[in-house]
Amino acid sequence: MKPLIVQKYGGATLADPEKIKSVSARVAHQSKENSLIVVVSAMGKTTNSLIDLANQVSAHPQRREMDMLLTVGERISMSLVSMALNDLGCPAISFTGSQAGIFTDDSHVNAFIKDVKPFRLEEALKDNKVVILAGFQGVSPLTKEITTLGRGGSDTSAVAMAAAFNAERCEILKDVPAVFTADPNIVKSARPLQELNYDQLMEMTYWGAKVLHYRSVELAKQRNVTLYIGPASNKTSDGTLVKKGLNMFESCKALSLNSHELVLGIHCAEKNPAKALRDLQNLFNEKQIPFPQLLHCEMTTDSTEIFLTGPQEGVQAIKKELASQAGFKLIPTDFSTVTVTCTGATSPEMAQKVLDFMADKKLHAQKLMLSAMSVTVLVEASTRKQVIESLHQLI
Ligand code: ASP
Ligand code: MG
């Protein structure tokens, strides 16, 4: 029996026909030694273009219709990859999320996977075919509707399949060939990290690392799926391995820097914070805006301040919407968070270092937020890159 590997190819690695052919050649080659389930994202910036299209025909596109529209992106990739593989003499067959038995809850645009019953995939693998699976999508068994898993959700499709099949490992293959100490586009000296545990990577993705969908790491931890983040080219050496049981003792050490580029502060006239949050959620529901990621909440005697972030298009939609809403006022400054993921965060050392390094460069932190594995500063968005560059000296 050949070992079963789940591979996920990101949108950038499938951006044009040439890239699709080169990914297919790589898959065909690897299928000689492995059984493969290949999860694909939409080609290049297809998902963004589809969202633009929706916004051109509707002020508040319904979430159900958004799912019908966005799932098309991954269907294009899956069928093209399958065609290219068959041309190379490598038998392959593509499936949508619903054909593959990815069952989700009945929400739209950010649905959660509840179960995986991949009967058709089992049959195809038994027939020695490479399975190509459209990422980012499923079906609700309750409503029979097609659903999507949130921006970047193909990673979560891949991990769910790896868990369902108890695969050897789940490989997330990208044009950025590893998890880095910081965004290499901002910090030229950023280094690839060879090994991480699940908690470290969860913390990084929670605080904005785009390298993986947060939920995919959470699921991998729950189901003990070994993750490998590596290059989609044929280089096999570099990459980051994520598994449990790394060989280390206690330390106070900075591991990586991550950032949420755009964080909004919302001033709510409501002093009961639970009610403020509920009112905000109701507003987003009514306007068909997916609820973003909450980062921080501050209560004063007569109001509540809520800080949140999310995918670019969601945050922009919120900005637009709040301009005309009584009861909510957008704090005019755009914020960012910058987070140092570290070990030893319970000692004050890391927080002190972060604040010292920033003071050295005359950079101002609006808030300091602490957790078990990270030190986060809220800063003005215009200073984000400088903060990242200066804090990278810690690593
Ligand atoms: N194509 C979707 C997106 O861009 C899903 C994914 O890439 O994982 O968000
Ligand atoms: Mg994509």
Side-chain angles (χ1 to χ4, degrees), residues 6-16 19-20 23 37-55 61 63 65-81 94-98 100 102 104 107-113 116 132-139 146-162 170-176 179 201 205-206 208-220 225 227-230 232 260-262 289-293 309-317:
V6 175
Q7 294 189 331
K8 182 253 167 176
Y9 288 90
T13 72
L14 301 166
D16 58 44
K19 289 187 174 165
I20 286 187
V23 161
I37 297 175
V38 174
V39 179
V40 291
S41 271
M43 292 170 70
K45 301 257 176 272
T46 302
T47 308
N48 290 341
S49 313
L50 293 172
I51 293 172
D52 280 352
L53 262 179
N55 290 332
R63 286 185 272 204
E65 302 308 334
M66 247 359 227
D67 281 351
M68 295 298 269
L69 177 68
L70 296 191
T71 44
V72 172
E74 273 68 14
R75 280 184 75 152
I76 295 173
S77 306
M78 73 175 196
S79 46
L80 293 178
V81 170
S94 66
F95 295 104
T96 64
S98 76
I102 298 196
T104 70
S107 65
H108 282 290
V109 171
N110 206 4
F112 275 61
I113 298 176
V116 180
I132 316 297
L133 172 64
F136 171 62
Q137 54 182 273
V139 62
I146 300 296
T147 55
T148 62
L149 310 178
R151 295 304 309 268
S154 302
D155 297 333
T156 303
S157 312
V159 171
M161 262 316 152
C170 180
E171 300 181 350
I172 308 287
L173 305 164
K174 306 169 70 81
D175 59 346
V176 186
V179 181
L201 189 57
T205 49
Y206 182 87
K210 298 218 175 41
V211 67
L212 237 73
H213 198 217
Y214 169 81
R215 283 166 43 195
S216 71
V217 191
E218 194 175 45
L219 188 61
V225 173
L227 290 175
Y228 166 78
I229 298 104
H260 287 296
E261 199 169 333
L262 182 54
I289 299 171
F291 201 85
Q293 183 180 341
T309 187
Q312 196 64 21
E313 68 278 1
V315 178
Q316 295 303 352

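Since the model is a prediction, treat every value here as computed from it, not as a measurement. The basis for the numbers below is simple: all heavy atoms, side chains too, and nothing from hydrogens, waters or symmetry mates. Whatever order the structure lists them in is the order used to number ligands and atoms, beginning at 1.
- Taking any N or O of Lys8, backbone or side chain, none lies under 3.5 Å from an N or O belonging to ligand 1.
- Between the CG atom in Leu14 and the OG atom in Ser41 there is a gap of 7.5 Å [rounded to 0.5 Å].
- Evaluated by nearest non-hydrogen atom to atom 8 (O) of ligand 1, the leading choice among Gly10, Ser154, Ala134, Gly73 is Ser154.
- The closest non-hydrogen atom to atom 9 (O) of ligand 1, taken over His213, Arg151, Glu74, comes from Arg151.
- Between Phe136 and ligand 1, a contact under 3.5 Å exists for no N or O pair.
- In this structure, Thr96 OG1 and Arg75 CZ are separated by 6.0 Å, a value rounded to the nearest 0.5 Å.
- For Glu261, the CD atom sits in a loose shell: 12 or fewer heavy atoms of surrounding residues, nucleotides or ligands are nearer than 6.0 Å.
- Not a single heavy atom of Gly135 lies less than 4.0 angstrom from ligand 1.
- Without hydrogens or angle criteria, Thr205 side chain to Leu201 main chain gives a donor-acceptor distance under 3.5 Å.
- Near Ser41, meaning under 4.0 Å from any of its heavy atoms, are these atoms of ligand 1: 6 (C), 7 (O), 8 (O).
- Taken to the nearest 0.5 Å, the NZ atom of Lys8 stands 11.0 Å off from the CZ atom of Phe136.
- The distance from ligand 1 to the heavy atoms of Gly152 drops below 4.0 Å at these ligand atoms: 3 (C), 5 (C), 6 (C), 8 (O), 9 (O).
- Donor-acceptor pairing under 3.5 Å is lacking for the side chains of Asp67 and Thr147.
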